[in-house]
Amino acid sequence: MSTSLAPYHALVWLRDDLRTDDHPALTEAIRLARQHNGRVTAVYILDEALWSRPLGGASRWWLHHSLAALADDLQRLGVPLVLRQGDLRQQLADVVRQGSVQAVLCNRGQTPFLRRCEAAAREALEPLGCPLLAGGGELMVEPDKILTGSGQPYRVFTPFWKALSQHHQPKAPLPEPEALGPGVAPVISGLTLASLALLPSTPDWAGGLRKSWQPGQAGARRCLDAFLQGSVARYGSQRDFPAQPATSRLSPHLRFGELSPRRLWDAVIALHGADGMPFLREVGWREFNHHLLFQWPEMATVPLKPEFTRFPWRDDQREFQRWCRGLTGFPIVDAGQRELWQTGWMHNRVRMIVASFLVKDLLLPWQWGEEWMWDTLVDACPANNPGNWQWVSGCGADAAPYFRVFNPSLQAAKFDSDGLYQRRWVPESAAPGDDLFAAASTRRRYPLPMLDHGAARDRALAALASLKPDPDTV
DNA sequence: TGCAATTTCGC
DNA sequence: CGAAATTGC
């Protein structure tokens with residue numbers, strides 16, 4: 001390659017790392033380009049046939065706007081963003097040929113799927129004599145680097161968290177690289193963002209998402225700054241009250257890599273020290289779920305506790321639809337589902353309540369709920385979504401025991417005692433504190449509870465008991 | 001990061 | 001006798 005007459009050209013291959021701050025691959029590419037007096041181009045390749053699962057609708061919406069923001073951010077650094085669609089191997093090879101690229105750099109993927117993509121990319125690049133340099137990563141600690149004393153991966157969160165927070169100080173985040181000087185990279189053909197067809201059109205259901213979010217690195221930074229100035233120190237005491245704006249709302253930004261967890265960790269510790277730990281513990285769950293996904297690539301569909309493959313799930317599409325649409329007749333459950341439908345996000349406390357309701361009250365398979373949220377959440381993450389569903393369902397590695405059944409009315413009384421959250425999303429329900437006379441005129445439109453929670457709880461516990469051989473009958 | 005029944009505590 | 005701790009699902 002050194003004999004090539006073409007100027008040095010490095011390619012940054014972007015996936016779930018749509019930012020310029022703390023970006024090891026971009027930083028290294030720009031360093032190399034400077035060293036060789038060359039240029040850098042970035043590429044995003046949408047290869048849905050290769051994906052382990054198609055991106056959900058809300059995620060597609062987010063990705064569109066995140067790519068739009070990223071193109072601007074990169075432009076400021078003198079790096080054009082090329083969009084491609086189709087077979088990863090072909091597209092990557094074509095881009096490398098067209099641009100006479102000498103090296104492809106990426107942040108090492110942190111899911112089994114992204115690692116397979118890297119293997120495919122290497123295969124495609126080898127005949128071209130072009131190396132793939134994968135480094136950095138999107139976690140605080142690489143998913144195979146935190147091990148128990150006996151060298152095994154952790155299966156329990158608390159010791160994992162202890163090891164992570166005490167023995168694995170995350171690497172310091174890298175600054176955004178300095179912009180390249182004037183000059184242009186060899187032109188590589190690409191698609192327009194619109195032609196990727198990531199946005200919903202008929203109908204356009206994204207109005208609520210547009211009002212709720214600013215995808216992209218600048219939006220992530222805004223969320224982070226607001227959280228750092230405001231509620232991070234109160235997070236531990238306030239986070240469970242869904243009517244309060246006490247959470248960070250950073251999850252979709254982390255999902256698409258618009259903010260690196262190392263930057264987040266660094267900023268929280270720098271400003272709040274130990275007061276930031278209750279929040280960082282949740283970032284620790286994100287790490288834990290990614291580490292789990294590495295051990296169990298089938299985590300999205302296969303229960304980690306094998307006995308749960310025999311669980312007597314019910315099969316009732318009509319009841320599932322009521323749950324999805326927020327028509328269960330339990331205001332806290334329905335409020336959560338409507339917040340999700342309208343904004344692409346749901347408060348974490350309410351996620352636990354609605355998930356428990358699906359799995360334990362309705363006895364419907366957790367995989368149905370996982371798929372629903374995969375499609376509707378803007379933060380739908382291949383590690384967190386299955387990991388959290390398995391946790392709630394009691395079939396995860398370090399799960400809540402199955403007999404922990406959330407009582408929706410008690411949860412509402414504890415965490416939304418004035419009914420503010422429930423009335424915000426389900427105004428037609430008569431939540432506590434409502435003017436009963438006003439509510440009476442509209443109550444007809446709100447369904448009665450679809451089941452008796454006490455009876456449902458008994459049924460769930462009986463179903464669990466059926467998994468274990470009865471010691472008396474052996 | 002559950003709930004409810006039961007026992008013990010503290011006055 | 002109500003609050004708090006304990007226990008089992």
Side-chain angles (χ1 to χ4, degrees), chain A residues 154-162 164-165 231-232 234-244 246-249 251 276-289 292 304-305 307-308 311-312 330 332-333 335-336 345-363 366 369-370 373 377 379 381 383-417 421 449 451-472:
Chain A
Y154 283 97
R155 295 177 171 218
V156 180
F157 175 72
T158 302
F160 171 88
W161 172 238
K162 230 174 144 175
L164 171 62
S165 54
S231 39
V232 62
R234 291 189 301 275
Y235 181 83
S237 61
Q238 298 296 300
R239 67 186 183 119
D240 272 323
F241 301 101
Q244 296 288 121
T247 62
S248 73
R249 296 175 66 91
S251 52
M277 289 321 270
F279 171 72
L280 290 177
R281 192 181 161 91
E282 299 304 308
V283 184
W285 272 100
R286 174 181 182 274
E287 297 277 315
F288 184 58
N289 283 325
L292 284 182
L304 303 188
K305 286 194 207 295
E307 66 267 28
F308 272 79
F311 193 90
F330 289 85
I332 189 70
V333 173
W345 185 86
M346 195 194 299
H347 187 279
N348 181 249
R349 165 59 48 178
V350 189
R351 292 189 198 199
M352 292 190 280
I353 298 170
V354 303
S356 175
F357 191 84
L358 180 79
V359 169
K360 303 190 181 182
D361 286 69
L362 292 174
L363 282 187
W366 62 268
E370 196 276 337
M373 290 204 180
L377 281 171
D379 62 31
C381 163
N384 285 330
N385 199 43
N388 291 334
W389 271 98
Q390 294 221 28
W391 182 87
V392 172
S393 306
C395 59
D398 176 28
Y402 188 84
F403 54 73
R404 260 188 209 172
V405 180
F406 286 67
N407 179 327
S409 312
L410 268 183
Q411 289 282 315
K414 264 191 219 172
F415 299 114
D416 189 41
S417 57
Y421 176 81
L451 50 78
D452 175 77
H453 173 73
R457 179 174 183 270
D458 293 344
R459 181 174 68 171
L461 296 178
L464 178 70
S466 78
L467 281 193
K468 303 193 170 132
D470 185 348
D472 295 335

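In what follows, chains are A, B, ... by sequence order, proteins preceding strands, each numbered from 1.
Taking every nucleotide of DNA chain B with any atom under 4.0 Å from a non-hydrogen atom of chain A, the first and last of them, 5' to 3', are dT1(B) to dA4(B).
Residue contacts for Lys414(A): at a heavy-atom cut-off of 4.0 Å it reaches the sugar-phosphate backbone alone, with no base atom in range.
Between the side chain of Ser356(A) and the backbone N or O of Phe406(A) there is at least one donor-acceptor pair closer than 3.5 Å. In this structure a side-chain-to-backbone donor-acceptor pair under 3.5 Å is missing from Lys305(A) to Gln390(A).
A side chain to side chain donor-acceptor pair (under 3.5 Å) with Arg239(A) holds for exactly one of His347(A), Glu282(A), Gln244(A); it is Glu282(A).
For the side-chain hydrogen bond (donor to acceptor under 3.5 Å, both in side chains) test, residues two or more places apart in sequence or in another chain that qualify with Glu370(A) are Arg53(A), Asn385(A). By the ring-ring contact (aromatic ring centres under 6.0 Å, His included) test, Phe160(A) is found to be paired with Phe288(A), His291(A), residues two or more places apart in sequence or in another chain being considered. For Val359(A), the side chain to side chain contact (heavy atoms under 4.5 Å, CB included) test picks out Trp313(A), Trp366(A), Trp389(A), Ser393(A), Tyr402(A), with sequence neighbours left out.
Within the structure, the side-chain hydrogen bond (donor to acceptor under 3.5 Å, both in side chains) test picks out the following pairs touching residues 452-462 of chain A (sequence neighbours left out): Asp361(A)-His453(A).
Using a 4.0 Å cut-off between charged side-chain N and carboxylate O, Asp379(A) and Arg286(A) make no salt bridge.
Annotation: proximity of residues 398-412 of chain A to DNA chain B (heavy atom, distance under 4.0 Å) is found for Phe403(A), Arg404(A), Val405(A), Phe406(A), Asn407(A), Leu410(A), Gln411(A), numbered in ascending order.
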